[in-house]
There are 2 protein chains.
Amino acid sequence: MPKPSKRDQLVGAAKELLWEVGFEAMSPRSIQERSAARPGSLYHHFPSKLAIAQEALQEASQEEILRLNDIFAADIPPLDALRHYLLLKRNAFQGCRLGRLVHEASIEQEALRLPVMAYFEAVRAHISRSLDQAKSEGTLNADLDPKTLAVSLTALIQGGYVLARTFQDEALMQQAAEGALALITEASRTR
Amino acid sequence: MPKPSKRDQLVGAAKELLWEVGFEAMSPRSIQERSAARPGSLYHHFPSKLAIAQEALQEASQEEILRLNDIFAADIPPLDALRHYLLLKRNAFQGCRLGRLVHEASIEQEALRLPVMAYFEAVRAHISRSLDQAKSEGTLNADLDPKTLAVSLTALIQGGYVLARTFQDEALMQQAAEGALALITEASRTR
DNA sequence: GTCTATAGAAGGATAGAC
DNA sequence: GTCTATCCTTCTATAGAC
């Protein structure tokens, strides 16, 4: 592995900071300090704070989508993958790497919004496909609509982060997921 | 109605701004401009931006809790109230008046966190009680745990805001709620 | 209570040397 | 490509007159 360029260090610092404090609270100064760089370096490689944030967020989104692809790999029974995904141990205090940015005013800028959309769309698509498969296998009630349910479950996780942060209690994320799983299990018995 | 004091105008402006832009993006200047006040007035009535935000947020939380009390009034069939609550028309772009603050770093301060906790706790309690009643009436499957399910549904709405804002599509909030209602309906048939 | 004027720090970015 | 030095604006608040 070659030594990281200053540019890479800057983007790495931005990725960390976006997760830790969000976009608006991430000052150019804080990026510079964390990557041992100076204003000249940052503004040589990027025209603005928005530009470096965009690149950092695109990378973060891509990384998280690759993780999803592993969790929902083709050889895993669909409801097992879904159960595993919902019950994943998450850093609930810090919040979702992508979702935590959504309530900032700056999210109206496409540079920030598109990477977040790409991530949520990947989550929704994986869950939807899992539920579809479960239906064809007969392990899920035929009355349920996988597309709608996938939106609900994608929302559920994001809401879990909100509750866990509010009450400073990671267990709420687990509890939210368990409630949804119980419903799916119950509903599947009605076939 | 007597004319509002400058103090009331300041708090009113803060309530609006907390909803529109959040705590960190709400500058003392923006509060002053919206209430046609000057720095001297703000800092005469409140020691800091945090202090006025606390009062504004306590009022907002209380107002929303009163709305909940109407929605979940005792004379409404519990599952009807729940269905009505979940399908409420919400301003999904702006986000939840309380929940939109949760991802800011400042939420670690109790002055901001406690009013948000109070609101979510009220939501959770209303839903939990509704589900409990439905169980005793025999309209909800006895296998389901109202407390756990209430956490899931509280999370669901917050996640709905996140998705709606991300995709700039209010319909996602409705879809998330419909998915959850479909599950509850299905699960209730297994009695 | 409300005003005007101002302070000290941080934010976001630029200029120009090396 | 990275550095030092600096610029203008905004943020949060304070001082003191009315």
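What you see is a predicted model; the values in this text were computed from it and never measured. Numbers restart at 1 for each chain; the letters A, B, ... are given by sequence-line order, proteins then strands.
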Visitor: Listed by chain and number, what are the side-chain contact (heavy atoms from CB on, under 4.5 Å) partners of B:Leu181, not counting sequence neighbours?
Guide: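 Counting only residues at least two positions away or on another chain, B:Leu181 forms a side-chain contact (heavy atoms from CB on, under 4.5 Å) with B:Arg83, B:Leu86, B:Leu87.
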Visitor: Using a strict heavy-atom distance below 4.0 Å, which residues from residues 37-45 of chain A are in contact with DNA chain C?
Guide: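 When residues 37-45 of chain A is checked for heavy atoms under 4.0 Å from DNA chain C, the hits, listed by number, are A:Pro39, A:Tyr43.
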Visitor: Restricting to pairs with a member in residues 147-176 of chain B, which pass salt bridge (Lys or Arg N to Asp or Glu O under 4.0 Å), not counting sequence neighbours?
Guide: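 Non-adjacent pairs meeting salt bridge (Lys or Arg N to Asp or Glu O under 4.0 Å): B:Lys89-B:Glu170.
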Visitor: For a 4.0 angstrom threshold against heavy atoms of chain A, report the outermost contacting nucleotides of DNA chain C in 5' to 3' order.
Guide: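 From 5' to 3', the first and last contacting nucleotides are C:dG11 to C:dT14.
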Visitor: Apply salt bridge (charged side-chain N to carboxylate O under 4.0 Å, His left out) to B:Arg38 and list each qualifying residue two or more places apart in sequence or on a separate chain.
Guide: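 By the salt bridge (charged side-chain N to carboxylate O under 4.0 Å, His left out) rule, B:Arg38 matches no residue at all.
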Visitor: Are the side chain of B:Lys49 and the backbone of B:Phe23 linked by a donor-acceptor contact shorter than 3.5 Å?
Guide: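 Such a contact is found between B:Lys49 side chain and B:Phe23 backbone.
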Visitor: Name all residues meeting the salt bridge (charged side-chain N to carboxylate O under 4.0 Å, His left out) criterion together with B:Glu20; count only those two or more places apart in sequence or in a different chain, and write none if there are none.
Guide: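 If we apply the salt bridge (charged side-chain N to carboxylate O under 4.0 Å, His left out) test to B:Glu20, skipping adjacent residues, the hits are B:Arg34.
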Visitor: Among all residues two or more places apart in sequence or in another chain, which pass the side-chain contact (heavy atoms from CB on, under 4.5 Å) test with B:Ala60?
Guide: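 By the side-chain contact (heavy atoms from CB on, under 4.5 Å) rule, B:Ala60 matches B:Arg97.
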Visitor: Counting the atoms with a prime plus P, OP1 and OP2 as sugar-phosphate, which does B:Ser48 contact under 4.0 Å by heavy atoms, base, sugar-phosphate, or nothing?
Guide: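 The residue B:Ser48 makes sugar-phosphate contact but no base contact.
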Visitor: Can you tell me which residue pairs pass the salt bridge (Lys or Arg N to Asp or Glu O under 4.0 Å) test with a partner in residues 115-128 of chain B, sequence neighbours excluded?
Guide: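 The answer is B:Glu121-B:Arg124.
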Visitor: Hey, which of these two, B:Lys6 or A:Leu50, hits DNA chain C nearer its 5' end, going by closest nucleotide?
Guide: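 Going by which nucleotide is closer to the 5' end, it is B:Lys6.
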Visitor: Sort and list the pairs that fulfil salt bridge (Lys or Arg N to Asp or Glu O under 4.0 Å) and have at least one residue in residues 108-118 of chain B, not counting sequence neighbours.
Guide: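 Residue pairs passing salt bridge (Lys or Arg N to Asp or Glu O under 4.0 Å), neighbours aside: B:Glu110-B:Arg113.
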Visitor: Among pairs that include at least one residue of residues 60-96 of chain A, which meet ring pair (Phe, Tyr, Trp, His ring centres under 6.0 Å), considering only residues two or more places apart or in two chains?
Guide: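 Qualifying pairs: A:Phe72-A:Tyr85, A:Phe72-A:His126.
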Visitor: Which residues, if any, of residues 9-34 of chain A bring a heavy atom under 4.0 Å of DNA chain D?
Guide: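 Residues of residues 9-34 of chain A under 4.0 Å from DNA chain D: none.
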Visitor: Quick check on the hydrophobic clustering: are A:Phe167 and B:Leu57 connected, directly or via other members, by side-chain heavy-atom contacts under 4.5 Å?
Guide: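 Shared cluster, yes.
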Visitor: Is the side chain of A:Arg90 donor-acceptor paired with the backbone N or O of A:Cys96 at a distance under 3.5 Å, no angle test?
Guide: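 No, because the side chain of A:Arg90 does not come within donor-acceptor range (under 3.5 Å) of the backbone of A:Cys96.
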Visitor: Can you give me the bend angle of the helix from C:dG1-D:dC18 to C:dC18-D:dG1? Use the axis through the first five pairs and the one through the last five, nearest 10 degrees.
Guide: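 The two end axes of the helix from C:dG1-D:dC18 to C:dC18-D:dG1 meet at 0°.
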Visitor: Is there a donor-acceptor pair closer than 3.5 Å between any side-chain N or O of A:Thr148 and the backbone N or O of B:Gly179?
Guide: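 Answer holds: no.
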Visitor: What I'd like to find out is whether the side chain of A:Leu66 reaches to under 4.5 Å of the side chain of A:Asp70, using heavy atoms alone.
Guide: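 Of all side-chain heavy-atom pairs linking A:Asp70 with A:Leu66, none is under 4.5 Å.
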